[in-house]
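Worksheet: one structure, shown below.
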Amino acid sequence: HKGNYLEFRRYLDQLARLLTEADIRSGASTLTIARSFDEIDRLLHNFVASAGTLIDHTRLAARYLPDNLLTEYQRRVNEISNSGAHNFIRDLRNYMLHVAIPGSSFTLSGSTGQWRFDLNTESLLHYDNLSAGSRQYISAAPATGLNVATVVDEYMQLVTDLYSWFLHETTVDRSSP
(Lines give C-alpha, C1' and ligand atoms only; values in the text may rest on other atoms or scores of the structure.)
Protein backbone atom coordinates (compact mmCIF):
# COMPACT_ATOMS: atom_id res chain seq x y z
CA HIS A 1 0.00 0.00 0.00
CA LYS A 2 2.82 2.38 0.87
CA GLY A 3 4.42 1.66 -2.50
CA ASN A 4 1.20 2.62 -4.31
CA TYR A 5 1.01 5.80 -2.27
CA LEU A 6 4.62 6.77 -3.00
CA GLU A 7 4.26 6.05 -6.72
CA PHE A 8 1.06 8.11 -6.90
CA ARG A 9 2.53 11.08 -5.00
CA ARG A 10 5.77 11.02 -7.01
CA TYR A 11 3.79 11.13 -10.23
CA LEU A 12 1.60 14.03 -9.07
CA ASP A 13 4.64 15.97 -7.87
CA GLN A 14 6.58 15.30 -11.06
CA LEU A 15 3.65 16.34 -13.23
CA ALA A 16 3.14 19.54 -11.26
CA ARG A 17 6.80 20.46 -11.87
CA LEU A 18 6.55 19.72 -15.59
CA LEU A 19 3.41 21.69 -16.31
CA THR A 20 3.54 25.42 -16.71
CA GLU A 21 0.62 27.74 -17.08
CA ALA A 22 2.00 28.94 -20.44
CA ASP A 23 2.01 25.36 -21.75
CA ILE A 24 -1.58 24.83 -20.70
CA ARG A 25 -2.82 28.11 -22.23
CA SER A 26 -1.01 27.47 -25.51
CA GLY A 27 -2.29 23.92 -25.74
CA ALA A 28 1.26 22.59 -26.01
CA SER A 29 0.66 20.14 -23.19
CA THR A 30 -2.74 18.85 -24.30
CA LEU A 31 -1.49 15.36 -25.12
CA THR A 32 0.65 15.28 -21.98
CA ILE A 33 -2.34 16.25 -19.87
CA ALA A 34 -4.63 13.68 -21.53
CA ARG A 35 -2.09 10.92 -20.92
CA SER A 36 -1.53 12.22 -17.41
CA PHE A 37 -5.20 11.86 -16.53
CA ASP A 38 -5.05 8.22 -17.59
CA GLU A 39 -1.95 7.59 -15.50
CA ILE A 40 -3.35 9.44 -12.49
CA ASP A 41 -6.55 7.42 -12.73
CA ARG A 42 -4.53 4.19 -12.84
CA LEU A 43 -2.35 5.16 -9.90
CA LEU A 44 -5.31 6.40 -7.85
CA HIS A 45 -7.15 3.16 -8.59
CA ASN A 46 -4.12 1.16 -7.42
CA PHE A 47 -3.93 3.23 -4.24
CA VAL A 48 -7.60 2.90 -3.25
CA ALA A 49 -7.70 -0.80 -4.20
CA SER A 50 -4.62 -1.49 -2.06
CA ALA A 51 -6.22 0.44 0.81
CA GLY A 52 -9.16 -1.99 0.74
CA THR A 53 -6.85 -4.98 0.52
CA LEU A 54 -4.78 -3.78 3.48
CA ILE A 55 -7.92 -3.37 5.58
CA ASP A 56 -9.15 -6.86 4.67
CA HIS A 57 -5.83 -8.56 5.36
CA THR A 58 -5.26 -6.76 8.65
CA ARG A 59 -8.78 -7.61 9.81
CA LEU A 60 -7.95 -11.28 9.24
CA ALA A 61 -4.62 -11.01 11.08
CA ALA A 62 -6.27 -9.19 13.99
CA ARG A 63 -8.34 -12.31 14.74
CA TYR A 64 -5.20 -13.85 16.23
CA LEU A 65 -4.34 -10.98 18.55
CA PRO A 66 -4.51 -11.56 22.29
CA ASP A 67 -7.51 -9.87 23.92
CA ASN A 68 -5.59 -6.87 25.27
CA LEU A 69 -4.11 -6.09 21.84
CA LEU A 70 -7.37 -6.78 20.06
CA THR A 71 -9.09 -4.22 22.28
CA GLU A 72 -6.41 -1.62 21.53
CA TYR A 73 -6.47 -2.47 17.82
CA GLN A 74 -10.25 -2.02 17.72
CA ARG A 75 -9.98 1.31 19.55
CA ARG A 76 -7.47 2.54 16.98
CA VAL A 77 -9.55 1.27 14.07
CA ASN A 78 -12.65 2.99 15.46
CA GLU A 79 -10.70 6.24 15.72
CA ILE A 80 -9.68 5.99 12.06
CA SER A 81 -13.19 4.96 11.03
CA ASN A 82 -14.44 8.34 12.23
CA SER A 83 -12.05 10.12 9.88
CA GLY A 84 -13.51 11.74 6.79
CA ALA A 85 -10.42 10.83 4.78
CA HIS A 86 -10.77 7.14 5.69
CA ASN A 87 -14.46 7.07 4.82
CA PHE A 88 -13.79 8.86 1.56
CA ILE A 89 -10.94 6.56 0.44
CA ARG A 90 -13.07 3.49 1.26
CA ASP A 91 -16.04 4.85 -0.68
CA LEU A 92 -13.85 6.09 -3.53
CA ARG A 93 -12.49 2.55 -3.87
CA ASN A 94 -16.02 1.18 -4.22
CA TYR A 95 -17.00 3.97 -6.62
CA MET A 96 -13.94 3.43 -8.85
CA LEU A 97 -14.28 -0.37 -8.86
CA HIS A 98 -18.03 -0.60 -9.32
CA VAL A 99 -19.31 2.63 -10.87
CA ALA A 100 -16.86 4.84 -12.75
CA ILE A 101 -13.70 6.85 -12.59
CA PRO A 102 -14.71 10.19 -11.05
CA GLY A 103 -14.44 13.40 -13.02
CA SER A 104 -11.27 15.32 -12.35
CA SER A 105 -9.33 18.42 -13.28
CA PHE A 106 -5.98 20.11 -12.96
CA THR A 107 -6.20 23.41 -11.13
CA LEU A 108 -3.53 26.06 -10.85
CA SER A 109 -3.64 27.51 -7.35
CA GLY A 110 -3.43 31.28 -7.51
CA SER A 111 -2.08 31.54 -3.98
CA THR A 112 0.74 29.02 -4.36
CA GLY A 113 1.29 28.87 -8.10
CA GLN A 114 1.18 25.06 -7.82
CA TRP A 115 -0.85 22.63 -9.88
CA ARG A 116 -3.37 20.45 -8.11
CA PHE A 117 -5.30 17.41 -9.23
CA ASP A 118 -8.89 17.70 -8.02
CA LEU A 119 -11.76 15.24 -8.10
CA ASN A 120 -15.15 16.55 -9.17
CA THR A 121 -17.26 16.43 -6.02
CA GLU A 122 -20.59 16.78 -7.80
CA SER A 123 -20.34 13.40 -9.50
CA LEU A 124 -19.24 11.73 -6.27
CA LEU A 125 -22.12 13.24 -4.29
CA HIS A 126 -24.58 11.51 -6.66
CA TYR A 127 -23.23 8.09 -5.65
CA ASP A 128 -26.04 6.31 -3.78
CA ASN A 129 -23.71 4.19 -1.61
CA LEU A 130 -21.70 7.13 -0.29
CA SER A 131 -21.42 6.98 3.51
CA ALA A 132 -22.51 9.91 5.65
CA GLY A 133 -18.87 10.49 6.65
CA SER A 134 -17.77 10.68 3.02
CA ARG A 135 -20.67 12.92 2.09
CA GLN A 136 -19.73 15.33 4.87
CA TYR A 137 -16.04 15.21 3.91
CA ILE A 138 -16.79 15.87 0.23
CA SER A 139 -19.28 18.63 1.05
CA ALA A 140 -16.58 20.50 2.97
CA ALA A 141 -14.33 20.60 -0.13
CA PRO A 142 -13.94 23.84 -2.07
CA ALA A 143 -15.97 24.40 -5.24
CA THR A 144 -12.90 23.58 -7.37
CA GLY A 145 -13.01 19.99 -6.14
CA LEU A 146 -11.35 17.69 -3.66
CA ASN A 147 -7.55 17.94 -3.75
CA VAL A 148 -6.44 14.34 -4.19
CA ALA A 149 -2.92 14.85 -2.81
CA THR A 150 -4.31 16.30 0.40
CA VAL A 151 -6.75 13.41 0.82
CA VAL A 152 -4.22 10.63 0.23
CA ASP A 153 -1.67 12.33 2.48
CA GLU A 154 -4.21 12.64 5.29
CA TYR A 155 -5.30 9.04 4.85
CA MET A 156 -1.74 7.72 4.73
CA GLN A 157 -0.86 9.46 7.98
CA LEU A 158 -3.74 7.72 9.74
CA VAL A 159 -2.92 4.35 8.23
CA THR A 160 0.82 4.64 8.84
CA ASP A 161 0.22 5.32 12.51
CA LEU A 162 -2.10 2.32 12.86
CA TYR A 163 0.03 -0.14 10.95
CA SER A 164 3.28 0.95 12.57
CA TRP A 165 1.68 0.16 15.93
CA PHE A 166 0.18 -3.09 14.60
CA LEU A 167 3.47 -4.34 13.15
CA HIS A 168 5.37 -3.39 16.28
CA GLU A 169 2.92 -5.20 18.53
CA THR A 170 2.74 -8.30 16.38
CA THR A 171 6.47 -8.71 15.77
CA VAL A 172 7.84 -8.04 19.25
CA ASP A 173 9.18 -11.12 21.05
CA ARG A 174 6.97 -11.40 24.12
CA SER A 175 8.54 -14.60 25.45
CA SER A 176 11.27 -12.90 27.49
CA PRO A 177 10.47 -11.20 30.82
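Everything numeric here is computed off the predicted structure, so don't read it as measured data.
- With hydrogens and angles ignored, the 3.5 Å screen pairs a side-chain donor or acceptor of Thr160 with a backbone N or O of Met156.
- Separation of atoms CD (Glu169) and CZ (Arg76) is listed at 7.5 Å; rounding is to 0.5 Å.
- Considering CZ of Arg135 and CG of Asp91, their distance stands at 9.0 Å, rounded to 0.5 Å.
- At most 12 heavy atoms of other shown residues, nucleotides or ligands fall within 6.0 angstrom of atom CG in Asp67.
- No side-chain heavy atom of Glu154 sits less than 4.5 Å from a side-chain heavy atom of Val151.
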Original post:
Taking it one step at a time, do Val159 and His1 satisfy side-chain contact (heavy atoms from CB on, under 4.5 Å)?
Top reply: CA-CA 10 Å; Val159 168; His1 182 63; 4.3 Å; yes
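- Residues Thr170 and Phe166 form a side-chain contact, since some pair of their non-hydrogen atoms from C-beta on lies under 4.5 Å apart.
- In this structure, the side chains of Arg9 and Asp153 come closer than 4.5 Å at one or more pairs of heavy atoms.
- Using a 4.5 Å cut-off on side-chain heavy atoms (C-beta onward), Glu7 and Arg42 make contact.
- Counting only N and O atoms by type, the side chains of Asn68 and Glu72 include no donor and acceptor under 3.5 Å apart.
- Enclosure of atom CD in Glu39 by more than 12 non-hydrogen atoms of other residues, nucleotides or ligands within 6.0 angstrom is indicated.
- Within 6.0 Å of atom CD in Gln136, 12 or fewer heavy atoms from other residues, nucleotides or ligands are found, so the atom counts as exposed in its surroundings.
- Side-chain atoms of Thr53 come within 3.5 Å of backbone atoms of Ala49 as a donor-acceptor pair (strictly under, hydrogens ignored).
- Minimum heavy-atom separation, Ser81 to Asn87: O-ND2, 3.1 Å.
- Salt-bridge check for Arg10 with Asp13: failed, with every basic side-chain N at 4.0 Å or more from each acidic carboxylate O.
- For the atom pair Leu130 CG and Arg90 CZ, the distance stands at 9.5 Å (nearest 0.5 Å).
- Here the closest heavy-atom approach between residue Arg93 and residue Val48 is recorded as CG-O, 3.5 Å.
- Phe8 and Leu97 are not part of a single hydrophobic cluster, where members link through side-chain heavy atoms under 4.5 Å apart.
- Here the closest non-hydrogen pair linking Thr171 and Leu167 is OG1-O, 2.5 Å.
- Note that OH of Tyr137 and CG of Leu92 are 11.0 Å apart. Values are rounded to the nearest 0.5 Å.
- You'll find the side chain of Ile40 reaches within 4.5 Å of the side chain of Leu12, heavy atoms only.
- With hydrogens and angles disregarded, a donor-acceptor distance shorter than 3.5 Å links the side chain of Ser134 to the backbone of Phe88.
- Atoms CG and OH, on Leu69 and Tyr64 in that order, are 16.0 Å from each other to the nearest 0.5 Å.
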**OP:** Begin from the C-alpha positions of Leu162 and Ile80 and carry the test side-chain contact (heavy atoms from CB on, under 4.5 Å) through to its verdict.
**Re:** CA-CA 8 Å; Leu162 172 65; Ile80 289 175; 3.6 Å; yes
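- Nearest heavy atom pair, residue Ser36 against residue Leu15, reads OG-CD1, 3.2 Å.
- Ring-plane geometry between Tyr5 and Phe47 is classed as tilted, the angle between the planes lying from 30 to 60 degrees on a 0 to 90 degree scale.
- Once rounded to the nearest 0.5 Å, the distance linking CG of Leu70 with CZ of Arg75 reads 13.0 Å.
- Between His86 and Tyr155, the ring planes lie parallel to each other; the angle is under 30°, not in the 30° to 60° tilted range.
- Side chains of Leu54 and Thr58 form a contact here, defined as non-hydrogen atoms less than 4.5 Å apart.
- Contact record, Tyr11 with Leu43: CB-CD1, 3.5 Å, taken as the closest heavy-atom pair.
- The two residues Leu146 and Ala141 come nearest to each other via the heavy atoms CD1-CB, 3.5 Å.
- Within the 4.5 Å cutoff, side-chain heavy atoms of Ser123 are placed close to those of Tyr95.
- The local environment of NE2 in His98 is crowded, with over 12 non-hydrogen atoms from other residues, nucleotides or ligands closer than 6.0 Å.
- The closest side-chain heavy-atom distance from Thr71 to Leu65 is not below 4.5 Å.
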